[in-house]
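Keep in mind that this is a model prediction, so the values were computed, not measured.
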Amino acid sequence: SYNISEATLKQVQRYKNRTNEAGPFWKAVRNLEREVYQDVAGGQAMLAFPDLARVVQALSQRLGRRIDEGSCRVMEQLLIENEEAEGTGRVRLYDFYKSNIHHGNAQFSESLGYLRQLGALDESDPVNP
């Protein structure tokens with residue numbers, strides 16, 4: 001597991017640089033943040049701590065629901081875009097990890113062991129998993 005409180009500034013910046021903040025997930029989070037801030041605080045420029053706490057609580061509640069609803073659709077679309085051949089539902093392992101490393105899709109970072117345990121790996125061709 002990763003404990004960010006033990007990371008150096010350089011390590012945190014490197015991780016942040018790998019995160020695709022322009023991607024669909026973070027764009028949706030920023031839009032939701034603005035929506036909640038307007039709904040709960042009326043868009044006020046300055047908030048007292050209790051007001052800010054209400055904004056954070058509402059954001060946390062709504063974010064959970066949105067992640068459940070939207071994250072699956074976003075992941076499905078990304079997987080479809082990386083599909084080996086249209087309609088197969090198969091994504092080469094290389095493309096799965098490439099989506100994370102080169103495109104910042106951090107949701108595709110599961111270990112081989114975990115994917116194997118889920119039964120998500122087709123290892124019938126060991127050269128091309």
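- No path of Ile, Leu, Val, Met, Phe, Trp and Tyr side chains, each step under 4.5 Å between heavy atoms, connects Tyr94 with Val91, placing them in separate hydrophobic clusters.
- The distance from atom CD of Glu83 to atom CZ of Arg92, rounded to the nearest 0.5 Å, is 13.5 Å.
- Remark: Gln11 CD to Glu6 CD distance equals 10.0 Å, nearest 0.5 Å.
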Start with the C-alpha distance between Leu112 and Tyr97, add both sets of side-chain angles, then the distance that settles side-chain contact (heavy atoms from CB on, under 4.5 Å), and finish with yes or no. CA-CA 10 Å; Leu112 280 175; Tyr97 286 125; 4.2 Å; yes
Step by step, work out the side-chain contact (heavy atoms from CB on, under 4.5 Å) result for Arg116 and Glu123. CA-CA 9 Å; Arg116 188 173 287 119; Glu123 298 181 283; 2.7 Å; yes
Full working for side-chain contact (heavy atoms from CB on, under 4.5 Å) between Val29 and Leu59: CA-CA 9 Å; Val29 168; Leu59 181 60; 5.8 Å; no
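- Taking CG of Asp95 as the start and CG of Leu79 as the end, the distance is 11.0 Å to the nearest 0.5 Å.
- One finds the CD atom of Glu110 at 4.5 Å from the CZ atom of Phe96 (value rounded to the nearest 0.5 Å).
- The side-chain heavy atoms of Leu63 and Val36, taken from C-beta on, include no pair separated by under 4.5 Å.
- Smallest separation of non-hydrogen atoms from Leu32 and Arg62: CD2-C, 3.9 Å.
- With respect to the salt-bridge test (charged N to carboxylate O, under 4.0 angstrom), the residues Arg54 and Asp39 do not qualify.
- In this structure, the salt bridge (Lys or Arg N to Asp or Glu O under 4.0 Å) partners of Arg90, at least two apart in sequence or on a different chain, are Glu84, Asp122.
- Counting only distance, with no hydrogens or angles, the side chain of Gln61 and the backbone of Ala58 share no donor-acceptor pair below 3.5 Å.
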Test log, rule side-chain contact (heavy atoms from CB on, under 4.5 Å), inputs Arg34 and Arg30: CA-CA 6 Å; Arg34 285 189 288 275; Arg30 285 191 301 276; 4.0 Å; yes
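- Leu47 contributes atom CG, which lies 6.0 Å from atom CG of Leu52 (distance to the nearest 0.5 angstrom).
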